[in-house]
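I have placed the structure first, in the form of structure tokens, so that the comments after it can refer back to it.
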There are 2 protein chains.
Amino acid sequence: MFLVSFVPLQPDLPLGSPHERSDAARNRERLLCAARELVDEFGAEALTMDALACKAKVGKGTVFRRFGSRAGLMMTLLSDAESDFQRAFMFGPPPLGPGASPAERLTAFGEGRIYFVLENGELLKAAGAATRNRFDVPATKLSHRHMEVLLREAGIADPWVMAMSLTYALDPERIVDDVRVRGISPKRLTDSWRDVVARLMRPA
Amino acid sequence: MFLVSFVPLQPDLPLGSPHERSDAARNRERLLCAARELVDEFGAEALTMDALACKAKVGKGTVFRRFGSRAGLMMTLLSDAESDFQRAFMFGPPPLGPGASPAERLTAFGEGRIYFVLENGELLKAAGAATRNRFDVPATKLSHRHMEVLLREAGIADPWVMAMSLTYALDPERIVDDVRVRGISPKRLTDSWRDVVARLMRPA
DNA sequence: ATAGAAAGCGGACTGCGGTCCGTTTAGTAT
DNA sequence: ATACTAAACGGACCGCAGTCCGCTTTCTAT
């Protein structure tokens, strides 16, 4: 059995920091707390780094030292939920986790992701929007890798590229906007996903 | 035969402007010219609205009056090329235009779009990035509609949603980054697209 | 306890997209 | 020609993400 380490969901600085100074720890807590309050009250979209610094009674530089960027902050805020989902599709029970066929797992993965996105949509959109190459969101990379493996098992010719296509088809911005802006029901999205996977993976 | 009007690629103000004032026309020309020079020299990514205003010897307000936003400017810059591609898949010869089977047309459409994106990648990325809901890029809407029609002809259950999935899979940012950042060859992209379409549309 | 070094801090500053509004100018009606 | 009006103009201004750098705090070694 391999020693698996989770993808760090927040790029929270060069791993293995020897010791976090006490003032740094205190400020990080203050910032996360303030950020959660602001998101709850006004939504992730509306959160500005200045407002956060102000609310947490901290200098703006400190905010960026902690999180690197707005996207980094959003990823940190997401990390608990993402970790749960990661665990579920990597180690959880089938059909999401190992034990089911690739097609079943991929179907379950997409459905899970759609619901996950709908619950954490604002955060995910904000995390993706604020980043060059939304693909450099670590969770997205892992997602891609997972789909790639399943597609390979199913005998797809170029699983890497096809996984990329599917990654983009599950883009948070797309899902959130389909549901909230264009009025598509989540059920239509998951049904269509089932259909896509079934068609892609059924034997010739 | 229907009277078909092209989707206006630049939201270049409330259609049917009665008369464009001569100074406005002059400035529009100056702006487009300056914009093209800046893009040629430094790339679309690097074009700033201030620099454009300055180079065109025009106030910044004028730039935004003309084009509405950075995205609007990019769309205007793209409009010739986009129109050609639109014409090709709507009225041109098969397999891109009418006359071939839906599967063939969809395959050709994706391939065409991939090459189109690779030629005009910077502009497209800039146009899409600068817009909330990249779906409100008019050309994207038309693209979606085209794919929806083809999918419906092929008997797909929810062509609207599936077309949306495919739209995102052909996202300019995705394609450009796959090729330029992640080193995927265009051929792998088009091959994978062929594969996806073949699998999606082959009869049960 | 104390001194030195490194990590952390804060907020002024930059650059950008986009808005606002008082001023100018092109067309039109007389 | 003249006066009037609506359109166009320009650039100061705003809010935001992200950077910079001189100052402060915490930890460590003695």
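Computed from heavy atoms alone, side chains included, the values below leave out hydrogens, waters and symmetry copies.
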Exercise. Do B/Lys60 side-chain and D/dA12 base share a donor-acceptor contact under 3.5 Å?
Worked result: no
Exercise. Which pair of non-hydrogen atoms, one from A/Arg180 and one from A/Leu118, has the smallest distance, and what is that distance?
Worked result: NH1-O, 3.9 Å
Exercise. To the nearest 10 degrees, what angle separates the axes at the start and end of the helix from C/dA1-D/dT30 to C/dT30-D/dA1, five pairs each?
Worked result: 0°
Could you tell me the separation between the [atom1] atom of [X] and the [atom2] atom of [N], rounded to a whole number of Å?
X: B/Lys57; N: D/dG11; atom1: NZ; atom2: P; answer: 12 Å
X: B/Leu52; N: D/dG10; atom1: CG; atom2: P; answer: 12 Å
X: B/Phe64; N: C/dC16; atom1: CZ; atom2: P; answer: 12 Å
X: B/Glu45; N: C/dC16; atom1: CD; atom2: C1'; answer: 13 Å
X: A/Phe67; N: D/dC16; atom1: CZ; atom2: P; answer: 19 Å
X: B/Asn27; N: C/dT25; atom1: CG; atom2: P; answer: 12 Å
X: B/Arg65; N: C/dT19; atom1: CZ; atom2: P; answer: 12 Å

For this session: Kindly state which residues belonging to residues 29-42 of chain A come within less than 4.0 angstrom of DNA chain C, counting heavy atoms of the residue only, listed by number.
Result: none
If the condition is salt bridge (charged side-chain N to carboxylate O under 4.0 Å, His left out), which residues does [X] pass it with, not counting sequence neighbours?
X: B/Arg152; value: B/Glu148
X: B/Asp171; value: B/Arg134
X: A/Arg199; value: A/Asp195
X: A/Arg174; value: A/Asp178

For residues 36-44 of chain A, which side-chain N or O atoms pair as donor and acceptor with protein atoms under 3.5 Å away, sequence neighbours left out?
from    : atom 1 : to      : atom 2 : distance (Å)
A/Glu37 : OE1    : A/Lys55 : NZ     : 3.2

Exercise. Between B/Leu47 and A/Ala25, which is nearer to the 5' end of DNA chain C once each is assigned its nearest nucleotide?
Worked result: A/Ala25
For this session: Return the set of residues passing side chain to side chain contact (heavy atoms under 4.5 Å, CB included) with A/Lys187 (not counting sequence neighbours), or none when no residue passes.
Result: A/Ser185, A/Asp191
For this session: Please name all residues satisfying side chain to side chain contact (heavy atoms under 4.5 Å, CB included) with A/Asp84, sequence neighbours left out, ordered by chain then number.
Result: A/Arg87
Exercise. Picking from D/dC9, C/dG17, D/dA17, which would you name as closest to the side chain of B/Asp50?
Worked result: C/dG17
For this session: Counting heavy atoms from C-beta on, name the nucleotide in D/dA17, D/dA8, C/dG10 closest to the side chain of A/Met49.
Result: D/dA17
For this session: Scan B/Leu73, B/Thr76, B/Leu52 and name whichever one has a side chain to side chain contact (heavy atoms under 4.5 Å, CB included) with B/Leu31.
Result: B/Leu52
Exercise. Between B/His146 and B/Phe109, what is the ring plane arrangement, given parallel below 30°, perpendicular above 60°, and tilted in between?
Worked result: tilted
For this session: Among residues two or more places apart or on two chains, list those pairs meeting side-chain hydrogen bond (donor to acceptor under 3.5 Å, both in side chains) that have a residue in residues 108-120 of chain A.
Result: A/Glu111-A/Arg194
For this session: Encode nucleotides 22-30 of chain D as B, S and - characters from 5' to 3', where the letter depends on protein heavy atoms closer than 4.0 Å: B to the base, S only to sugar-phosphate, - to neither.
Result: ---BSSS--
For this session: Could you check whether B/Leu73 gets within reach of a base, just the sugar-phosphate, or nothing at all, counting any heavy atom under 4.0 Å?
Result: nothing
Exercise. So which one's nearest nucleotide on DNA chain D is more toward 5', A/Gly61 or A/Ala46?
Worked result: A/Ala46
Problem set entry | Below 4.0 Å: OP1/OP2 of D/dA8 and any side-chain N or O of B/Thr62 | no
Problem set entry | By ring pair (Phe, Tyr, Trp, His ring centres under 6.0 Å) - contacts of A/Phe64 (at least two apart) | none
